[in-house]
2 protein chains.
Amino acid sequence: MTLQDAVHTHSDCSNCPIRHRAVCSRCDADELARLDNVKYYRSYEAGQPVIWAGDRMDFVASVVSGIATLTQTMEDGRTQMVGLLLPSDFVGRPGRDTAAYDVVATTDLTMCCFRKKPFEQLMAETPHIGQRLLEMTLDELDAAREWMLLLGRKTAREKIASLISIIARRGTSQKLSEVGGPIVFDLPLTREAMADYLGLTLETVSRQVSALKRDGIIVLEGKRRVTVPDFDRLVEETGDDSDGGMLV
Amino acid sequence: MTLQDAVHTHSDCSNCPIRHRAVCSRCDADELARLDNVKYYRSYEAGQPVIWAGDRMDFVASVVSGIATLTQTMEDGRTQMVGLLLPSDFVGRPGRDTAAYDVVATTDLTMCCFRKKPFEQLMAETPHIGQRLLEMTLDELDAAREWMLLLGRKTAREKIASLISIIARRGTSQKLSEVGGPIVFDLPLTREAMADYLGLTLETVSRQVSALKRDGIIVLEGKRRVTVPDFDRLVEETGDDSDGGMLV
DNA sequence: CACCGCGCTTGATTTCGATCAAAGTCTGAT
DNA sequence: ATCAGACTTTGATCGAAATCAAGCGCGGTG
């Protein structure tokens with residue numbers, strides 16, 4: 001099996017970037033996994049915690065399906081979401097054995113986990129994995145910096161519009177690239193989780209969602225199902241310049 | 001010259017982590033540098049721009065001395081700092097040839113630059129460099145997430161206290177680990193730059209600095225020289241729990 | 001069916017930080 | 001020494017979002 005055998009696929013883990021782009025392309029990793037139980041799947045129900053900040057964390061993982069959040073909490077209870085993990089996102093830090101953030105499943109969630117020690121060994125032996133991980137980490141850092149602009153300088157309305165457009169971009173079934181048509185999807189977050197993402201209160205989130213609805217930027221069916229009739233109009237509300245986040 | 005020759009040093013670049021920890025340890029990199037002009041130094045005066053977002057960026061670099069900032073600007077002029085580069089910090093992204101942020105020298109600044117193409121080749125050939133870079137990027141991501149908590153949930157006073165404690169920790173001549181004694185240093189940022197860091201206005205920064213002074217948390221000589229008589233008291237004002245940011 | 005509990009919305013009021021405005025301080029140049 | 005200009009402080013007022021407080025809608029359960 002060669003490095004170029006890109007067509008090679010596995011049944012369970014079609015979203016896992018480590019396995020497919022880095023590990024599986026050499027396949028010896030699969031051997032390792034089978035022999036040593038390095039790799040395993042774990043599922044969580046919506047609302048369940050995956051791990052708490054400070055807990056021992058002896059694995060790294062990649063989200064297969066569902067959504068998880070990373071949050072930080074101050075001792076008086078104020079909380080800020082600092083990561084939103086969608087399918088194919090990676091969590092865990094090689095070289096650290098304690099979780100730095102609370103990780104919670106906000107929808108039903110399946111993760112593809114690798115025991116940390118052997119994974120680190122694998123990384124040392126397989127340059128591809130490290131490179132891929134660096135690339136992903138740099139992407140996350142860029143996302144974090146975009147997020148910092150949102151938290152520090154955007155108005156409540158801009159924050160809401162930004163979040164909806166992010167979810168529409170990343171959380172929808174791939175092909176929304178054919179522009180023009182309306183976009184429909186379910187919000188995977190409660191108002192409270194949205195507030196934690198945006199550095200707002202849930203009341204303000206609710207009010208601003210209502211305002212965007214009133215102004216025809218979005219249409220709501222029930223509380224969660226969103227239709228965006230004109231994506232460009234939504235993007236105008238974000239305050240971003242029009243080529244929004246396309247850093248390339 | 002062996003990989004283990006850790007004592008080996010070079011005259012110019014004592015802070016550059018790439019050169020010393022990853023490149024220089026093999027020394028062939030130095031050969032490469034000499035032959036091909038891969039590595040060079042560049043100095044900027046306080047206030048000078050290093051590069052603008054969107055510009056072609058054909059190098060990566062490491063800060064040798066001085067301080068630079070990464071900032072993002074919205075088209076209506078609102079700006080948010082998204083990175084503060086202190087000596088030994090790395091800037092630039094392998095695999096991208098356009099700057100994503102404005103980089104500005106806030107003090108006189110010297111950087112150690114590597115032309116990007118050969119640097120990438122070097123990375124491909126030298127696993128150490130990629131690993132070191134991953135480690136540094138993960139650290140930056142953690143710092144960004146800490147910063148997100150600050151932007152999203154802290155009060156103005158907590159923000160100021162946090163920034164001062166960050167600068168005291170990172171920006172002071174190493175050994176402040178001997179706790180207890182007062183800490184003295186110069187703020188390397190104007191009130192406006194502090195405001196851009198914290199997601200505040202410069203007036204609010206000024207007021208809160210005055211308030212911390214009034215309350216004896218800090219002592220000011222002139223506008224910039226700060227004395228922190230009791231570091232623990234400062235940390236109490238940050239809202240962080242006492243082991244502040246010590247992720248290990 | 002009625003009752004709960006949870007997530008959400010909406011209204012009234014308060015508050016913290018932004019904005020507008022003016023004056024003070026330091027530095028470096030003429 | 002004086003002056004210009006950048007940086008900073010302080011005051012007065014305003015406004016966006018937080019806080020406090022009901023009340024709604026809906027799915028699950030006794």
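Here is the naming used below: chain letters follow the sequence lines, and residue numbers restart at 1 for every chain.
- At whole-Å resolution of the value, CG in B:L187 and P in D:dT9 are 10 Å apart.
- The separation between B:L198 atom CG and C:dG17 atom P is 12 Å, rounded to whole Å.
- Residue B:R225 contributes atom CZ, which lies 16 Å from atom P of D:dT8 at whole-angstrom precision.
- Atom CD in A:E221 sits roughly 16 Å away from atom P in C:dC8 (whole-Å rounding).
- For the pair A:D108 (side chain) and A:A46 (backbone), a donor-acceptor distance under 3.5 Å is present.
- The backbone N or O of B:R96 sits less than 3.5 Å from a side-chain atom of B:K116, completing a donor-acceptor pair.
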Task: Contact state string [nucleotides 16-28 of chain D, B base, S sugar-phosphate only, - no protein heavy atom under 4.0 Å] - done: -SSBB--------
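- The CZ-C1' distance, from B:R191 to D:dT10, rounds to 13 Å in whole Å.
- Phosphate proximity of D:dT8 to B:R224: present, with a side-chain N or O under 4.0 Å from OP1 or OP2.
- Within the 3.5 Å criterion, the main-chain N or O of A:V82 finds a donor-acceptor partner in the side chain of B:R145.
- Between B:I160 and B:L163, the closest side-chain pair of non-hydrogen atoms is not below 4.5 Å.
- Within 4.0 Å of B:S206, counting heavy atoms only, lies at least one base atom of the nucleic acid.
- A:R56 and A:D97 are joined by a salt bridge, as a carboxylate oxygen and a charged side-chain nitrogen come within less than 4.0 angstrom of each other.
- Taking atom CG on B:L220 and atom C1' on C:dG24, their separation rounds to 16 Å, with Å as the unit.
- Atom NZ of A:K213 is separated from atom C1' of C:dC8 by 11 Å (rounded to the nearest Å).
- The side-chain contact (heavy atoms from CB on, under 4.5 Å) test with A:K213 is passed by exactly one of A:V219, A:V226, A:L220: A:L220.
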